[in-house]
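Worksheet: the structure to be examined is printed underneath.
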Amino acid sequence: MIKPKDFGARVTTPTARRTVLRTALVLAFAAAGVRPGLAEDAKAKVTIDNFTFAPAKLTISAGTTVTWDNHDDIPHSVVEKNKLFRSKALDTDESYSFTFTSAGTYDYFCGLHPHMVGKIIVKP
Amino acid sequence: MADDRMEDGRPKIDRRGALECMIWAGTGVLWTIAGGVPTSLGLVGEAFAADPKGFTFLQISDSHVGFEKPANPNALGTLKEAIAKVKAMSARPSFMIHTGDITHLSKPAEFDNAEQVISDAKLQVHYVPGEHDIIDEERGKAYLERYGKGSKGTGWYSFDDGGVHFIGLVNVVDLKGGGLGNLGADQLAWLEDDLKGKSDSTPVVVFAHIPLWIVYPQWGWGTEDGMRALTLLKRFGSVTVLNGHIHQLIQKVEGNVTFHTAMSTAFPQPAPGSAPSPGPMLVPAEKLRSVLGLSSVTVKQGQKPLAIVDTTLAG
């Protein structure tokens with residue numbers, strides 16, 4: 001089995017979320033000083049309900065961290081078409097985050113239910 | 001096969017057709033093979049009355065051990081009830097097949113609990129994985145370590161018993177975005193090779209987790225390259241395809257091929273297109289056992305088709 005590349009990604013449970021958020025803020029401040037051109041602290045959300053990613057198409061600027069929250073009673077995963085990222089299976093109320101650093105269009109799907117698809121458009 | 005039954009190289013099935021041939025039930029399907037053709041005997045409870053003579057095996061599916069959401073707070077408990085039904089059968093089946101989603105999250109404790117309960121039936125069990133069985137960190141290693149002995153690739157294999165050639169296929173691995181279930185070129189090449197030298201009169205039973213035919217693509221209920229496997233099986237006089245995944249009974253006959261999906265032992269899912277999503281369907285607690293079950297199949301040599309009996313936990 002191929003091990004997924006997991007850089008820039010994290011999976012959180014509701015209890016761990018606060019700690020991660022605090023860490024993320026500290027990192028964001030640190031990074032903002034170094035690379036002021038990027039929106040390092042920008043955040044966006046995609047929710048998973050009824051086997052659907054919403055919004056299905058999300059436009060963000062480079063440096064934005066996107067978090068997927070699974071609200072279904074069934075696990076889902078988030079897999080980028082070209083294997084840029086692959087989350088583990090997210091059980092109910094678990095989430096996964098990935099920071100998009102390069103401009104481009106990223107198609108992703110659920111590794112368990114591949115008819116579930118979404119798109120992230122990253123502007124420079 | 002008439003052209004109007006085919007669409008884009010796939011068997012055509014409209015929603016009305018799918019709903020018409022749908023039956024709600026839920027423990028296991030008892031199969032019998034008569035005259036080399038698998039025939040449903042119905043649900044396990046009814047099978048007792050039928051008292052099938054011949055070679056019989058059981059199908060169990062979608063145990064989802066570890067699932068504890070409102071649709072069934074105790075999936076391990078309903079699996080135990082299903083196994084109790086198996087133990088109570090007067091005519092012992094030769095073996096069981098499990099068409100996947102043994103566990104809900106591929107956790108070691110879930111596999112352990114499933115094994116402990118299922119082994120209580122004291123029957124040999126032939127497994128194929130569901131997508132829920134390969135979501136461990138190493139994507140399928142846990143499943144293969146437990147159940148993959150003697151299998152090829154991601155867990156496919158074949159064996160012969162009771163004069164029938166059985167083929168277990170894996171269609172839940174390396175799925176493509178926007179696609180359905182997938183067998184892949186390696187497995188199809190193996191299947192072609194596996195069938196070489198088998199006479200056309202050999203009854204064939206194929207089992208896999210996701211339906212091999214296109215049931216409802218909007219919900220991913222079908223296998224992208226399933227038709228290629230069915231084409232390889234075309235020359236055989238009797239082909240029975242047993243699947244799980246959709247947690248409800250759907251039966252269909254296309255020429256020499258009988259398709260059958262089994263109920264889950266854990267929770268029901270809605271009829272195709274009847275709900276916003278294929279997620280677990282909440283039914284009143286007192287109704288739950290009427291939509292969970294098992295299937296039993298009997299093979300009767302020299303007589304009529306394989307008999308499938310689906311049994312709910314309520315019976």
Side-chain angles (χ1 to χ4, degrees), chain A residues 1-6 9-11 13-14 46-54 56-58 68-96 98 104-120, chain B residues 62 64 66-73 101 103-107 130-145 154 171-182 209-210 216-224 245 247 266-267 269-270 275-282:
Chain A
M1 296 289 150
I2 300 158
K3 259 248 174 206
K5 284 178 187 163
D6 220 15
R10 57 186 174 267
V11 173
T13 57
V46 175
T47 56
I48 306 171
D49 271 308
N50 279 325
F51 287 62
T52 307
F53 294 110
K57 189 165 99 177
L58 176 67
W68 287 263
D69 283 320
N70 179 19
H71 295 160
D72 270 347
D73 274 359
I74 287 290
H76 296 293
S77 67
V78 186
V79 182
E80 203 272 332
K81 199 177 159 190
N82 296 314
K83 299 179 178 167
L84 175 65
F85 56 83
R86 172 186 273 273
S87 79
K88 67 160 198 155
L90 308 173
D91 198 7
T92 309
D93 291 334
E94 286 188 335
S95 64
Y96 169 79
F98 184 84
T105 298
Y106 301 90
D107 290 304
Y108 65 89
F109 60 97
C110 167
L112 283 85
H113 313 98
H115 69 284
M116 295 169 57
V117 293
K119 192 189 283 289
I120 306 285
Chain B
D62 296 270
H64 284 264
F67 183 86
E68 49 186 23
K69 302 287 160 42
N72 180 358
D101 285 357
T103 70
H104 192 58
L105 297 168
S106 307
K107 291 180 178 169
E131 75 279 7
H132 288 257
D133 299 319
I134 56 162
I135 51 176
D136 52 317
E137 285 288 329
E138 290 172 274
R139 294 164 62 195
K141 195 177 167 204
Y143 172 86
L144 279 179
E145 277 176 1
T154 52
N171 57 1
V172 296
V173 175
D174 195 23
L175 304 181
K176 306 287 182 287
L180 304 168
N182 186 46
H209 179 64
I210 298 176
Y216 194 65
Q218 294 89 329
W219 284 358
W221 289 359
T223 301
E224 202 75 33
H245 188 60
H247 298 212
F267 56 86
Q269 282 177 248
S277 83
M281 191 166 74
L282 200 57

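So you know, we letter chains A, B, ... as the sequences are listed, proteins then strands, and number each from 1. Just so we're clear, the structure is a prediction, and the values are computed from it rather than from any experiment.
Residues forming a ring-ring contact (aromatic ring centres under 6.0 Å, His included) with His209(B) (at least two apart in sequence, or on another chain): His245(B). Legend: residues meeting salt bridge (Lys or Arg N to Asp or Glu O under 4.0 Å) with Asp136(B), ordered by chain and number and at least two apart, are absent. Taking Phe109(A) as the reference, nothing meets the ring-ring contact (aromatic ring centres under 6.0 Å, His included) condition, with sequence neighbours excluded.
When heavy atoms are compared at a cutoff of 4.5 Å, Leu105(B) approaches chain A solely by way of its side chain, counted from C-beta outward.
Counting heavy-atom pairs closer than 4.5 Å to chain A, the top residue among Gly179(B), Gly181(B), Gly130(B) is Gly179(B). Of the listed residues (Asp72(A), Asp91(A), Asp49(A)), the greatest number of heavy-atom pairs within a distance under 4.5 Å of chain B belongs to Asp91(A). Heavy-atom pairs under 4.5 Å with chain A were tallied for Lys69(B), Gln218(B), Lys176(B), His64(B); the largest tally goes to Lys69(B).
Of all residues spanning residues 74-81 of chain A, those with a heavy atom less than 4.5 Å away from chain B's heavy atoms are Ile74(A), Pro75(A), arranged by number.
The shortest non-hydrogen separation linking Leu112(A) to Leu175(B) is O-CD1, 3.9 Å. The two residues Gly177(B) and Val117(A) have their closest heavy-atom pair at C-CG1, 4.3 Å.
Proximity of Pro70(B) to Asp73(A): side-chain heavy atoms (C-beta onward) are separated by under 4.5 Å at one or more points. The shortest side-chain heavy-atom distance between Arg139(B) and Lys88(A) does not fall under the 4.5 Å cut-off.
Here the CG atom belonging to Leu180(B) is positioned 12.5 Å from the NE2 atom belonging to His113(A), to the nearest 0.5 angstrom.
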